[in-house]
Amino acid sequence: MTNPIRAFIFDLDGVITDTAEFHFLAWKQLADEEDISFTREDNEQLRGVSRRESLNRMLKGRPIEEATAQAWMERKNIYYKKLLHQITPEHALPGVPAFLTAARSAGLKLGLGSASKNAAEVLERLELTRAFDAVGDGYSVVNSKPAPDLFVWVAGALGVPPNEAVVFEDAEAGIDAALAGGFWSVGIGTSTIGHAHMTAPGVGSLTVQTVLERMR
Ligand code: BG6
Ligand code: MG
């Protein structure tokens with residue numbers, strides 16, 4: 001039996017734009033200042049997870065006072081927000097605006113499901129806010145990826161059940177969340193995303209038709 005796909009739901013960081021690099025640079029600045037070893041390889045573990053979980057993973061089990069944790073997360077966010085000033089519509093990843101337009105023309109509903117509390121600002125800077133029918137971000141649900149809650153929240157806002165929606169994600173936690181929620185999934189990039197229904201180096205290397213044909 002085939003399901004008619006009625007919606008595409010996109011992660012933001014690493015799928016729509018390369019803010020994954022800015023998150024890395026901001027955590028790296030904090031780590032360097034606090035004398036914590038933190039490499040690009042370590043950063044792969046932070047993809048897609050909340051700010052708090054990112055800090056936990058950066059600390060690799062090292063204990064931290066709650067007040068210090070809050071202060072460090074605030075500092076990281078200040079560094080990150082400074083980097084966001086660079087973002088212009090040219091920072092959408094190659095082929096993304098065209099893919100969104102093609103999906104809309106095909107009659108699909110479009111949603112965004114980002115763990116980031118900065119998602120609205122990033123979308124504004126990319127001039128892509130109006131490209132989406134529903135936006136779920138770091139304020140929408142309590143349990144972040146790999147819990148399915150955020151994608152389920154977005155699907156609900158779109159009025160489409162999970163098994164009629166495709167999630168595009170660059171993070172292992174994001175594909176885990178999509179599969180746990182009963183969504184179809186497309187893994188984007190080179191992280192641990194092999195368990196998705198299909199993978200691609202970037203959204204720009206896909207066509208709407210190819211994705212729809214694979215989700216059955
Ligand atoms: C996700 C990113 O989209 O948002 C993570 O992939 C990030 O790297 C998380 O930690 C939370 O973002 P923010 O902007 O709320 O700190
Ligand atoms: Mg991501």
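In listed order, ligands and their atoms are each counted from 1. Since the structure is predicted, the reported quantities are computational estimates derived from the model, not experimental observations.
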[X] atom [atom1], over 12 foreign heavy atoms within 6.0 Å:
| X | atom1 | result |
| --- | --- | --- |
| Lys60 | NZ | yes |
| Gln86 | CD | yes |
| Arg52 | CZ | yes |

Which is closest to [atom] in terms of heavy atoms, [options]?
| atom | options | value |
| --- | --- | --- |
| atom 1 (C) of ligand 1 | Leu12, Leu46, Leu55, Asp13 | Asp13 |
| atom 10 (O) of ligand 1 | Val49, Val15, Leu150 | Val49 |
| atom 14 (O) of ligand 1 | Ser50, Ser114, Ser116 | Ser116 |

| said: Using a plain distance cutoff, I'd like to know if Arg47 has any nitrogen or oxygen under 3.5 Å from a nitrogen or oxygen of ligand 1. | reply: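 Between Arg47 and ligand 1 (N or O atoms, distance only) the closest approach is not under 3.5 Å.
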| Rounded distance [0.5 Å steps], CZ in Arg47 versus OG in Ser191 |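 Result: 5.5 Å between the selected atoms.
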| field | Geometric cation-pi criterion, Lys82 with Tyr80: 6.0 Å, 45° | value |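 No, cation not above the ring by the 6.0 Å, 45° rule.
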| message | Cation-pi check for Phe8 against Lys109: NZ or CZ below 6.0 Å from the six-membered ring centre and within 45 degrees of the axis, yes or no? | response |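 No.
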| request: Could you grab the angle centred on the Mg ion (ligand 2), going from OD2 in Asp11 to OD1 in Asp170, to 10°? | output: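 Computed angle, vertex at the Mg ion (ligand 2), rounded to 10 degrees: 90°.
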Run the numbers for me: atoms of ligand 1, each under 4.0 Å from some heavy atom of [X], listed by number.
| X | result |
| --- | --- |
| Ser54 | 10 (O) |
| Gly48 | 2 (C), 5 (C), 6 (O) |
| Lys117 | 13 (P), 14 (O), 15 (O) |
| Asn118 | 13 (P), 14 (O) |

| task | Would you check if there is a donor-acceptor pair between the side chains of Asn118 and Asn77 at a distance under 3.5 Å? | result |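 A pair is found: one side chain offers a donor N or O, the other an acceptor, under 3.5 Å apart.
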| said: Considering non-hydrogen atoms of the protein only, which is the closest contact for atom 16 (O) of ligand 1, and what is the distance? | reply: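 Answer, as residue, atom name and distance: Arg51 NE, 2.7 Å.
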| Out of Leu206, Val167, Thr210, Thr199, which residue meets the side-chain contact (heavy atoms from CB on, under 4.5 Å) rule with Val186? |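 Of the listed options, the one satisfying the test is Leu206.
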| Shortest-distance N/O/S atom, Asp13 versus the Mg ion (ligand 2) |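 Output for this pair reads O.
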